[in-house]
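Take a look at the structure set out below.
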Amino acid sequence: MNASRTTSVTTAEEIVRECRSLAELLPSQALARAQEGRPGLRGFGVFPVYAPQEIIHAAGLMPVGLFGAGAKLETTRADSRFQSFICSIARSTLELFLSGDLGRENGFEGAVFSSICDVARNLCSVAGRNAPGVYVEYLHLPQNAATPAAREYTRREFARFRDNLAGRVGRAIDDEAIRRSIALYNRVRELISDLYTQRQERPGSIRTADLFTVVLAGTCMMPEDFVPMAESLLAGVREHVPVPRDTVNVVLEGAFCEAPPIDLIDAIESAGCQIVEDDLAIGWRIFREDVPVEGDPVAALADAYLAGSAYTSVRHDSARPRTRGLLERVEASRADAVILASAKFCEPALFDYVLFRRALDERGIPHLKIEFEEKMWTFERLRNEIETFTESLLFD
Amino acid sequence: MPTTAPPPAPAVNDYGSVVHDLSREVMTAWMTQLQDAARSGAPSAYMMVSGNCVEILRCFDILPVFPEINALQLAIRKKALPYILKAEEIGYASDNCAYVKADIGYTLLEGVGENGLTPRPSLIVCNFVGCNVYIKWFEHCAEMLGVPLVMIDVPFVRQGEAVSTGDLHYVMAQLRGLIAACEELTGRKFDIDRLREIVGYSARAEAGWSRAKELCKSRPAPFDCYFDSINMMGPINALRGTKEAADFFDAAVAHYEVMAARGLGATDEEQFRVVFEGPPPYPYYRNFRNLFAAWKAVCVQSTYSTVGGTWEFGFRHDPARPLESIAEQMLLHNLCNRTMQERYRQIRRYVEEWEADALVIHSVKSCRLFSAGQGDMREYFTKELGVPTLMVESDLEDPRYYAEAQMKNRIDAFFESLQYKRLRGSSAEARPAFSEGVSDAVRRGR
Ligand code: SF4
Ligand code: SF4
């Protein structure tokens, strides 16, 4: 019994190590890796927060998450295009276009951006201009779920994306293919959600730094490969017997777009916090339930986005305000506190901080605000700050 | 009520001030209405400037209140900083749009409601047209004031000049939703004929604004289309859909026509014609203007003056299709809902058709809608089109980002080099005049 547990644990460690090396690759390198055994596979970049990956996958492409590349690549030319008061992901993503990493010669068909913020919107346009021949799509995701017209609008918007993409790859993307992709991504989301449940219900069974690494890796590999890998990981995590630690359970909120450095997550956890919920890479696990695989698949995705998705800082939903969403997240995860972590200069997160802080203060839920950026190498100061925060909660 | 007809014939040296005074008159009347409403509690609604549907509010006699204009006025009167600090105290970041911070600070410090200068709105109408900060701003206002919010989600233009029927239906459905909310608020039935009349006033004002800008093609330009355009942006944005605004533009245009015919300009000897991109630094409006005036540089076109609408390219509200034309304007015919590349095209037309010598980009920290990516814009205009381009940075609201000496150095250096090139150009006989040279470069870039 002991022996088998050791094997599983080792496997889980191996998987995380493998994922870490994947998450450190540039998009073109991740695509090259997926092409081993799949010659001719082409990629399609997905800028956060959300785009219907199923449609991209059904087009025969590999959706590749673009979460920022500042630590992996020297930003040289992009720095002069976006001023110093703009978040780092804008610069590093533009650099990926300027350097040709997301170009056709590297196997990319294009990339999709959506209406998350003013920076992303301008970035999409600037990237398109600087990468002639690359197909750059912009989705306007609905900001008004209250109007009955939103359903039809969203369906049309996703269908427009499908048609443009089909024109680009030169073949129709049929409903059956989209349904198959939906089923596959339902499984991907289910596995991630199971891993999240393990972390929450059995603290220490998987560290958040590892969980996030795996989720990130999932955004730059084929879902067909992710599923068996995540299944073995889940088995390993289930068997792992965590050592109890004296920690403060926290919700990590605000890092929904530019990915924080994994070492930052590490620093938070080693400073005495147990992250029990987060909005990391939320767009890739946004649906709370399976998307139906019957009927019109594009309508199913549109409906899921409108009515069945997690709240995010980049979407207005009058029926489900974000502040309520956060409080529910805290309650459901039985967290003691919230760490509001935003990318430096990220306006949606910085604005939300004001209302989040208000709501948390009203209910006496402790919180700490931190900021991160891509080119961040030392975490000592942050670790101290978090330690002080944790200690004040543990010993007061 | 303001007197707007007929225009007095300008004396040689009063140009500028006539339209300025007329504008102040109509704007003051509106602000008095706001103050009255603050006391009486008459129905009012918050709304954003860019691509809005103010005509619908007017149809129900709901007084529009524009927090952006409130922020602008605080900045230009040099009163913004304490409000910005107040907002930062409750958690706003130094990197958040300072328009929002000034307005929220003002709201919190009792500027809104019975004791203040603006009414507590009965409704908050978020016309989400391009700027995502709009959503956050109005979510915050709704929460802090406890006022219901009506969202109008306007899809961003993503296929050039075309508006898809799907987008149009989506926006129109939401406009009908707004109409229903207004009916409920006022207890009045929607009257389409009233809307037609209002939309007719809008179209008249738009034609006037467009004609005034057209007149800036004359040499010298009769007004500065950046610094003086504020006199017209107030009426076109805050008062559009009223008879007063339409009359104001008739009067302003008549005045500028006379000036253009007599060869009178915004400055005595126009030396440089520039196109401006980005909002002005309101906290140092006059100082900033003087730095350009010193070089007798006149702005002949600006993108900032088109946040409400790009009327100079021909679009008008249409009384025959009132709701549809409102939706079309929100979707397509305003700067904010268009891509950076569309903005480059707009500026390029300005440089060519208004015969400008240079482009000036004022990059503001607050407004990422304008500024994110302006480095690329500079790259495009200087390297690809050969248009001399100056980029300076400060803010539209926060006085802490304006560094006068540095600003002056950069502006002086830029115009010195323009002047030098021009002298060199005119000494070489075969060469075209400088501005023609630019236009040629622009044409070649096509
Ligand atoms: S990090 Fe924030 S500001 Fe930057 S692109 Fe993402 S959502 Fe926009
Ligand atoms: S970001 Fe710009 S457009 Fe948006 S509210 Fe602020 S100043 Fe206005």
Side-chain angles (χ1 to χ4, degrees), chain A residues 78-83 85-86 90 94 115-126 128-130 137-140 142-150 152-153 155-157 159-160 313-316 318 321-323 342 344-348 350-358 369 371, chain B residues 87 90-93 95-97 100 104 126 128 130-133 135-140 143-144 148-159 164 166-167 169-174 176-177 339-344 363 365 367-380 393:
Chain A
D79 276 347
S80 64
R81 315 292 174 102
F82 281 92
Q83 301 91 322
F85 50 80
I86 307 291
L94 181 62
S115 47
I116 55 169
C117 68
D118 299 350
V119 169
R121 193 200 42 232
N122 289 7
L123 171 62
C124 173
S125 187
V126 168
R129 187 182 90 75
N130 285 284
E137 181 64 85
Y138 186 82
L139 296 181
H140 181 95
Q143 293 282 5
N144 184 5
T147 172
E152 177 57 14
Y153 166 77
R155 196 196 63 78
R156 268 179 190 262
E157 184 64 352
R160 182 181 68 82
S313 274
V314 294
R315 178 173 163 214
H316 172 82
S318 54
R322 250 168 268 125
T323 36
S342 66
K344 204 157 192 293
F345 306 116
C346 174
E347 250 193 328
L350 292 172
F351 271 122
D352 277 0
Y353 172 73
V354 178
L355 293 191
F356 284 161
R357 167 174 150 168
R358 218 171 113 109
K369 181 191 187 195
E371 283 183 24
Chain B
I90 66 156
Y92 288 90
D95 300 309
N96 281 130
C97 167
V100 181
I104 296 279
C126 183
F128 167 45
C131 174
N132 286 65
V133 170
I135 301 178
K136 300 289 181 192
W137 190 345
F138 276 5
E139 279 176 350
H140 290 205
E143 169 127 0
M144 289 179 194
L149 184 147
V150 177
M151 174 60 78
I152 311 220
D153 175 26
V154 179
F156 192 63
V157 166
R158 45 218 191 292
Q159 16 202 34
S164 73
D167 287 0
H169 284 156
Y170 180 47
V171 173
M172 286 180 67
Q174 295 175 83
R176 286 191 200 98
T339 65
M340 283 296 266
Q341 291 197 51
E342 294 288 338
R343 206 188 311 163
Y344 295 2
S363 181
K365 186 176 187 242
C367 183
R368 286 163 175 82
L369 175 136
F370 261 106
S371 57
Q374 275 171 335
D376 183 67
M377 176 187 284
R378 177 179 52 187
E379 197 89 2
Y380 173 71
E393 275 184 27

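Of the atoms belonging to B/F128, it is side-chain heavy atoms, and not backbone ones, that fall under 4.5 Å from chain A. For A/A150, the parts lying under 4.5 angstrom from a heavy atom of chain B are both the backbone and the side chain. When heavy atoms are compared at a cutoff of 4.5 Å, B/C367 does not approach chain A at all. B/V150 does not touch chain A: none of its heavy atoms, backbone or side chain, sits under 4.5 Å away. Heavy atoms closer than 4.5 Å to chain A are found in the side chain of B/L149, but not in its backbone. Neither the backbone nor the side chain of A/D79 comes within less than 4.5 Å of any heavy atom of chain B. Only the side chain of B/E393 comes within contact range of chain A, with at least one heavy atom under 4.5 Å from a heavy atom of that chain. For a residue to count as touching a neighbouring chain, one of its non-hydrogen atoms must lie under 4.5 Å from one of that chain's; by this rule B/I135 touches chain A with the side chain only. Interface residue B/M144: backbone and side-chain heavy atoms are both found under 4.5 Å from chain A. The contact between A/K369 and chain B is made entirely by side chain atoms (from C-beta outward), counting heavy-atom distances below 4.5 Å. For B/K136, the part sitting under 4.5 Å from any heavy atom of chain A is the side chain, from C-beta outward, and nothing else. Looking at A/I116, only its backbone comes within 4.5 Å of chain B, counting heavy atoms on both sides. Residue B/R176: no heavy atom, backbone or side chain, is found under 4.5 Å from chain A.
Between chain A and the residues B/M377, B/R343, B/E379, B/Q341, the most heavy-atom pairs under 4.5 angstrom are made by B/Q341. Interface remark: of the candidates B/G177, B/A93, B/C131, B/A173, B/C131 forms the most heavy-atom pairs closer than 4.5 Å to chain A.
In this structure, the side chain of B/D95 does not engage the main chain of A/E347 through any donor-acceptor pair within 3.5 Å. Side-chain atoms of A/D118 do not come within 3.5 Å of backbone N or O of B/R368 as any donor-acceptor pair. A donor-acceptor pair under 3.5 Å is absent between the side-chain atoms of A/N122 and the main chain of B/M340, judged by distance alone. Between the B/D376 side chain and the A/V126 main chain, no donor and acceptor come within less than 3.5 Å of each other.
Looking at A/Q83 and B/S363, their side chains do bring a donor and an acceptor atom within 3.5 Å of each other. A donor-acceptor pair shorter than 3.5 Å cannot be found between the side chains of B/Y170 and A/H140.
Separation of atoms CD (A/E152) and CZ (A/R155) is listed at 5.0 Å; rounding is to 0.5 Å.
Across all non-hydrogen atoms, the minimal contact from A/Q143 to B/M151 is O-CG, 3.4 Å. Among all heavy-atom pairs drawn from A/A146 and A/S318, the shortest one is CB-OG, 3.7 Å.
Taking the centre and axis of the six-membered ring of B/Y344, the NZ or CZ atom of A/R129 falls outside the cone set by 45° and 6.0 Å.
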